[in-house]
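Below is one structure, written out as structure tokens, with a few remarks after it.
In this text the structure is predicted, and so the values were computed from the model without any measurement. All values below were derived from every heavy atom in this structure, side-chain atoms included, with hydrogens, water molecules and symmetry-related copies excluded. Just so it is clear: chains get the letters A, B, ... in the order the sequence lines come, proteins before strands, and each one is counted from 1.
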Amino acid sequence: MKNAADIVIIGGGISGVAIGYFLLKYGAKNVVILERDFLGAGATGKCGAGIRQQWGASINCIMTKFSCEFFENAAEELGCGDVDFHQGGYMLLISTEKELEQTKKNIVLQNSLGIESVLLSPQEAGEMVPLLDTSKILAATFHRKDGFLSPFKTTQAFAKAFERLGGTIYKATNVTGIDVTNGRVTAVKTDKGTISTNIVMNAAGGYAQQIAKMVDAKLPLYSERHNILVTEQLERTLSPMLMSFSLNLYMQQAPSGGFIMGRTCANQPRDLRVTADSNFPVEMARTVTNLLPKLGQLRMLRQWAGLYNMSPDKSPVYDEVPETKGFYVAAGYSGHGFMLAPATGQAMAEIILGLSPTLPWDKLGLSRFSSGNLIVEPSVV
Amino acid sequence: MLERSGIPEQAQIDCVFPAEERLEKGPVAVIECFEKIPCNPCAQSCPKSAILPFVDINDRPVIDDELCVGCNACIKKCPGLAIMVVEYSGEKALIKLPHEFKPLPEKGQIVNALNRAGEPVSDAEVVRVIAGKVSVVSIAVDRHLIKTVRGFSFKEKPEIPEKNMGNLELNNTNELDGIVCRCNDLTLGDIRKMISDGYTTIDELKQLARVGMGPCQGRSCIPIILGELSRYLETPIKDLLPTNFRPVVTSVKLSDLAEHDEERTSV
Amino acid sequence: MIHTDVLIVGAGPAGLSAAIEIGATGANVILLERSNVAGGQLIKQTHMFFGSEKQYASYRGYEISDILLKEAESMPNVCIKLQATVLAAYDDGTWTADIEGEYTKIKPKVVVVATGAAEKSLPFPGNDLPGVCGAGALQTLMNQYGVKPAENVVMLGAGNIGLIVSYQLLQANVNVLALAEGSQKIGGYLVHASKLRRLGVPIMTGYTVKEALGTTALEAVTLWKIDENWQGIAGSEITFSVDALCIAVGLSPLAELLWQAGCKMLYVPSLGGYVPYRDKSLCTSIENIFIAGDVAGVEEASAAMVEGRLAGLSAIKHLGIDLPNQSATEADYYAQLASLRNGHSGEKILSGLSKATL
Amino acid sequence: MDFKRGEEIVFTFDGKPVSAFEGETVAVALYAANVRKLATSHDKHRARGIYCAIGNCASCMMIVDGTPNVKTCVEPVRAGMVVESQPDKGKLT
């Protein structure tokens, strides 16, 4: 194991490998990624890996547009295999007047940013997705460039590109502590050895707060368990990804043919537990069969859970912590970390290397929580 | 030897056979049980307690052939059908054998007498048939075969296709080394390649190739993959990172889930 | 949500015995069995049983299952449900099941998991052809449904299952052309092996399957000799024309529910695979979850029955019910298990148990 | 061994009538009618048949009365059932 590095990234999920790639792309040298289990073992390997540009806050629209364009030619840029980007579009289902009002505003914002989302009548939505019971919705929005990717292949593509540019990845390596001398990071201690460094990138996802404690930094974030299930595999019958905030669900038919679906359940534990929730299958089944009755024939095969790293305004945090020099954090994605990964990589590379920001990353700093100008993001499941 | 072929050695047989004089005096049980296994029904079944009581259930049975009258009680009780009753009767040897096959032979029928390897050694005449859950068939053979004959078979044997069919050209669609993951059609070669490419945990293989994620939930493939990983990493399986087994054991319909009756309080 | 004192998963020899032990105290028991008939492996075992009279020795498997089932059914507080698959165990103590198509949630005070074991599979060319199946499958066809499984069979594996199923195939007048065993020695009881040899079935130790041949179904199988590290020796091939190849290369515990519930697990080869850690009284690392039978370690049905009784007794103690001569009964069960495991076949089990016992 | 067989019923397999006994499962009835190939694997389209016979594996999946992916080795036979072999991953009806 190396005993020194310019930058040590903690966390081998999609954010960690993306940040690593962008750092080396913009000229950083001697970058190391430390992963406790294997790449994508955390929330990355547990999520539906969707990507949508249909948001209420412009910064989120801009960042996901950036990410979408990156994913569209990731195979060439990373040069390490396909990322299975299935661009079947996202269909957001609207079932309340209040939500319809907010959605109309969102569409104006999105169109102004070059995102060609459209409003659909229930009948139009029904033609695109025959499985839908259109009586349950008032309207829908659709953006054909949205879709989902393979979380595993995308993570592997970033990781291989990172290694090809000279980066080093240590799997099965657990971070046990971070040395700080007069307010500056000096080394990262692991169960396999110690690496001296002046820059530590906290990309530990749901464990961001645990890692931050190692430098006595307090993050206004909490990690919450979110359950998800997959059904048996069938022939492809559903192309777009479906989502509804008011009806509280998201669903896709994965390349394997299984339908992946999830929702936000009440009072979920915040103790980093990723066990299965005993009420989730029934709640999920009721939600889905209410909206898509034919899916009642589908058999649930498996249920699992991952951590959402929640921020107060449900928008990400990209910043250096005030308490300790050289300790950077990228977290608080509140359930859409995967789709933001290219933007996260770009942001952290520019912040760490002091490059001029291509997007207003400062709006996503920690200071916003004390100054009060939060980026309230209404559209999150 | 017995452990390899299943056929006891002559020496082992000799030491469970009573002396020649005893065989002349009348029927006596012979128990060909040469292994210490947890089993004692023979001792319990003997009305004459000629089979000495077991100290430990794994003891091997010992017969006091003065007490034994060859009444067949133990033949029917031995789970391993290891007991037969034998006696000399003039020029012949009478052998009573346990039989659990249909159809039963008839009295007077001529059958093949078989040795312990199932090979015919001579003809034999069926002298008596006692039908039951375990039937007892006694056959008569030449007396010098008393230690050789251990079974019988009917004269007309079902024709069994001869063994070596090298010339079977079947358009064989076999993958080179067999299917490991039946749900996703992954062969042993596929698995070994992925492991040598650096994916050295079950969960990585699951994510990469969906192995263990099909309807069988990894029951047939994961044990094999553990073996492969253990060999490749030279690490005992108990030290490998285990995978997770998630709900549900067998798939359940979403409609059954949706129709769940929360209030029901009895099965 | 259904609240009950005890949930027992699996109505095989272990599950039924646990139900009888607990049922006698009057505690409420729900016994769920996924198959449409109770008895687990027992109903397929047409041979007479080993062990001592306490474990119904000399009875036939399906007779024992009838005895146990009748006794369990005679207790009003024991509710037995067939075609009831236990689906999941959640960390909040909820267990879910699909009982005849009805999704059910149960919150038991105590659970006895007696889910048994399933056949191991073997990778070799053609191993997925129809006609290549587990020994249990042939037994199910023969002994449960009375269907003649095949005309000509080759059996793989000389453990007790391979030997016994071969004998049962002969009884169903199927030709067992050969029994191949990869290791140099017969694994099962030698009396079973002698039975087969007397009936003309060759036992080929040191041989294993090279390839199964056929297009839409099995037509032939090629065996070959193997050296000490199980590599085939070219030129030693023998091909048999068969319509069934029966795999009996060992069982491994069906421990998924214990994984889900969060029990500490350990891989123990001599017990068949991953098994839960447990204490002497068969309690797992989770205090209200007990195990019995092959899920605790692959053994004979006789041991499964005694473990069922022992786990039942431990569950009763956990419920706070104390019976008059409880410690005497418990000592008897420990003694029975010790004697069953005293032979040379027991050494393997005892060494495995020593690793898995807390 | 004597078997108390249920009364005889008929169901169809790929259009052809197959007789079975009440209490049998679909896969067992087909096996008795000498049908060995029950399913085809999705990826390499290899023939599959009874393997575990107790619902542990996925080698006997067929379409039963329109529902795909039914484990026929644990699916009880019913008179008039329509059983079809499943060429693909199955479709919603």
Side-chain angles (χ1 to χ4, degrees), chain B residues 2-7 33-41 44 56-58 77 79-82 100-101 114 116-118 150-151 158 160-161 163-166 168 170-175 177-180 182 188 219-220 223-224 237-238 245 247-250 252 256-257 260 265-267, chain C residues 2 30 48-53 57-58 79 81 85 87-88 98-99 101 103 118 120-121 123-128 171 175 184-186 189-200 203 205 211 213-215 219-220 238-241 252 256 259-260 266-267 273 339-340 342-345:
Chain B
L2 180 58
E3 290 75 20
R4 278 180 55 80
S5 68
I7 302 175
C33 174
F34 304 107
E35 188 183 19
K36 281 167 70 68
I37 52 174
C39 176
N40 64 8
Q44 253 104 26
D56 171 272
I57 189 169
N58 291 283
K77 282 296 175 192
L81 304 182
E100 289 182 324
F101 285 84
L114 306 178
R116 287 176 177 77
R150 196 57 185 76
I160 299 175
K163 290 208 169 56
N164 202 326
M165 255 84 44
L168 267 182
L170 297 149
N171 56 1
N172 197 326
T173 57
N174 284 333
E175 305 301 315
D177 40 28
I179 298 284
V180 169
R182 299 171 76 100
L188 195 58
R219 280 188 201 99
S220 47
I224 296 173
I237 292 177
K238 70 177 173 55
F245 289 84
V248 283
V249 168
T250 341
V252 55
D256 290 344
L257 289 168
H260 170 60
T265 57
S266 72
V267 182
Chain C
I2 294 171
I30 295 177
M48 286 189 283
F49 259 57
F50 289 75
S52 75
E53 74 295 342
S58 291
C79 163
K81 282 283 171 188
T85 309
L87 297 172
D98 178 340
I99 301 180
Y103 185 74
K120 289 182 176 163
S121 54
F124 54 86
N127 64 338
D128 61 331
Q171 287 182 310
N175 302 319
Q184 300 304 329
K185 278 174 63 185
I186 292 167
Y189 292 156
L190 297 176
V191 281
H192 286 317
S194 307
K195 268 198 295 190
L196 289 180
R197 291 314 305 270
R198 290 199 295 268
L199 292 160
I203 295 181
T205 46
E211 192 167 17
L213 304 161
T215 43
E219 290 158 44
I238 300 177
T239 302
F240 296 91
S241 154
S252 60
E256 292 141 81
W259 283 102
Q260 286 181 32
L266 175 69
Y267 188 84
S339 77
L340 281 173
N342 192 341
H344 85 283
S345 63

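- The minimum heavy-atom distance linking B:Ala82 with C:Val191 is given by the pair CB-CG1, 3.8 Å.
- Contact count versus chain C (heavy atoms, under 4.5 Å) is highest, among B:Pro223, B:Gly151, B:Cys33, B:Ser266, for B:Ser266.
- Annotation for B:Glu100 and C:Gln171: closest pair O-NE2, 3.0 Å, computed over non-hydrogen atoms.
- For the options C:Gln184, C:Lys120, C:Lys185, heavy-atom pairs under 4.5 Å to chain B are most numerous at C:Gln184.
- Taking CD1 of B:Ile7 as the start and CG of C:Leu196 as the end, the distance is 11.0 Å to the nearest 0.5 Å.
- Only the side chain of B:Leu114 comes within contact range of chain C, with heavy atoms under 4.5 Å apart.
- Between chain C and the residues B:Glu3, B:Gln44, B:Arg182, the most heavy-atom pairs under 4.5 angstrom are made by B:Glu3.
- Interface residue C:Ile186: backbone and side-chain heavy atoms are both found under 4.5 Å from chain B.
- Only the side chain of C:Lys81 has a heavy atom closer than 4.5 Å to any heavy atom of chain B.
- C:Leu266 is listed as a side-chain neighbour of B:Lys238, based on a closest heavy-atom distance under 4.5 Å.
- Considering only heavy atoms from C-beta on, B:Pro38 comes within 4.5 Å of C:Tyr189 through its side chain.
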Q. Going through the distances and angles, do B:Thr250 and C:Asp98 end up as a side-chain contact (heavy atoms from CB on, under 4.5 Å)?
A. CA-CA 9 Å; B:Thr250 341; C:Asp98 178 340; over 6 Å; no
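- Each of B:Val180, B:Leu188, B:Ile224 has some count of heavy-atom pairs under 4.5 Å with chain C, and the biggest count is that of B:Ile224.
- Within the 4.5 angstrom heavy-atom criterion, only side-chain atoms of C:His192, from C-beta onward, approach chain B.
- Chosen from C:Glu256, C:Arg198, C:Gln260, the residue pairing most often with chain B at heavy-atom distances under 4.5 Å is C:Arg198.
- In terms of the salt bridge (Lys or Arg N to Asp or Glu O under 4.0 Å) criterion, B:Arg4 has no residue partners (sequence neighbours excluded).
- Side chain of B:Asp256 to main chain of C:Tyr103: no donor-acceptor pair is present (N/O by atom type, distance under 3.5 Å, no hydrogens or angles).
- Partners of C:Arg197 under the salt bridge (Lys or Arg N to Asp or Glu O under 4.0 Å) rule, at least two apart in sequence or in another chain, do not exist in this structure.
- Between C:Ser194 and B:Leu2 there is a side-chain heavy-atom pair separated by less than 4.5 Å.
- Both the backbone and the side chain of B:Arg150 come within contact range of chain C, judged by heavy atoms closer than 4.5 Å.
- Looking at every heavy atom in both residues, C:Lys195 comes nearest to B:Leu81 through CD-CD1, 3.5 Å.
- Residue contact with chain B, scored on non-hydrogen atoms closer than 4.5 Å, involves the backbone and the side chain of C:Ser339 alike.
- Closest non-hydrogen pair, C:Ser121 versus B:Ser220, comes out as OG-O, 3.0 Å.
- Atom NZ of residue B:Lys36 and atom CG of residue C:Leu190 lie 14.0 Å apart, to the nearest 0.5 angstrom.
- Panel note: side chain B:Thr265, backbone C:Ile2; no donor-acceptor pair is recorded below 3.5 Å.
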